[in-house]
Amino acid sequence: MRTMLMTVLLTVCFCSVAVCDERPPVDGRWGGGGLRSTTPIPARPAVAVEGNTVSIYLQDALSNLNVYIMDNNGIVFETVVSSNGSSNYTYDLPWTGQPGEYQILMVHGMYGHMGGHFTIE
């Protein structure tokens, strides 16, 4: 798991995009990959930044989404987000970021990973 996290982290760092938007673009590998299931693959999680509040939006029910926020020195915040079986679920991260450049990485053991960059001014 640690090796996968480091691989994804390096991929996200090298594929950076300058972001000056309230909805930082997130990209990565989500669903597919030969996954077989009787239930549909949940929609990709989305990220919104308003001021210094970061929110995760889950269109479909999803549990155990690992969320990491990193700066140039490493991980500054991590948590696990679950929508408790609800659709259209928004989770405000209990983290107050200081001004600066950050990366967000969302990892799910079954569906994949998504990552992006954002700035808090």
Side-chain angles (χ1 to χ4, degrees):
M1 179 67 182
R2 193 165 207 80
T3 304
M4 183 177 95
L5 178 62
M6 289 305 295
T7 302
V8 172
L9 176 61
L10 289 174
T11 302
V12 169
C13 288
F14 286 111
C15 298
S16 64
V17 176
V19 176
C20 297
D21 198 338
E22 290 185 359
R23 287 198 167 263
V26 291
D27 198 13
R29 184 171 167 221
W30 190 259
L35 178 66
R36 294 183 183 188
S37 176
T38 57
T39 58
I41 295 171
R44 295 173 172 218
V47 177
V49 178
E50 185 174 326
N52 62 351
T53 301
V54 179
S55 302
I56 306 294
Y57 172 72
L58 303 174
Q59 179 179 334
D60 300 320
L62 185 66
S63 60
N64 300 320
L65 178 67
N66 295 289
V67 177
Y68 304 93
I69 296 180
M70 297 151 287
D71 64 9
N72 291 335
N73 298 317
I75 296 173
V76 295
F77 177 81
E78 63 182 289
T79 191
V80 177
V81 176
S82 294
S83 67
N84 302 316
S86 300
S87 298
N88 295 318
Y89 180 81
T90 301
Y91 181 79
D92 293 333
L93 299 180
W95 170 74
T96 305
Q98 300 299 316
E101 300 279 330
Y102 295 93
Q103 299 88 36
I104 187 164
L105 178 62
M106 298 172 287
V107 179
H108 193 276
M110 184 178 291
Y111 300 117
H113 61 272
M114 303 292 298
H117 291 243
F118 65 95
T119 301
I120 293 181
E121 297 179 356

Rounded to the nearest 0.5 Å, the CG atom of Asn52 sits from the CD1 atom of Ile120 at a distance of 5.5 Å
Taken to the nearest 0.5 Å, the spacing of Met110 CE from Ile41 CD1 works out to 10.0 Å
Heavy-atom nearest pair, Leu62 first then Pro42, reads CD1-CG, 3.8 Å
Is a side-chain donor or acceptor of Asp60 paired with a backbone partner of Ala43 at a separation under 3.5 angstrom?
yes
Partner of Val67 under side-chain contact (heavy atoms from CB on, under 4.5 Å), picked from Leu105, Leu93, Val107, is Leu93
Intermediate values then yes/no, side chain to side chain donor-acceptor pair (under 3.5 Å), Asp92 and Ser55:
CA-CA 4 Å; Asp92 293 333; Ser55 302; 2.4 Å; yes
Classify the ring geometry between Phe118 and Tyr102 as parallel (under 30°), tilted (30 to 60°) or perpendicular (over 60°). parallel
Looking only at heavy atoms, the pair that brings Arg44 and Trp30 closest together is CG-CD1, 3.6 Å
Check: Ser86 side chain, Tyr89 main-chain N or O, donor-acceptor pair, under 3.5 Å
no
Closest heavy-atom pair, Ser83 versus Ala61, reported as atoms and distance to 0.1 Å, is OG-CA, 3.2 Å
We want to know whether Tyr57 and Asn88 form a side-chain donor-acceptor pair, criterion being a heavy-atom distance below 3.5 angstrom.
yes
Note to self: Tell me whether His108 contacts the main-chain N or O of Ser63 through its side chain, where contact means a donor paired with an acceptor under 3.5 Å.
What the structure shows: yes
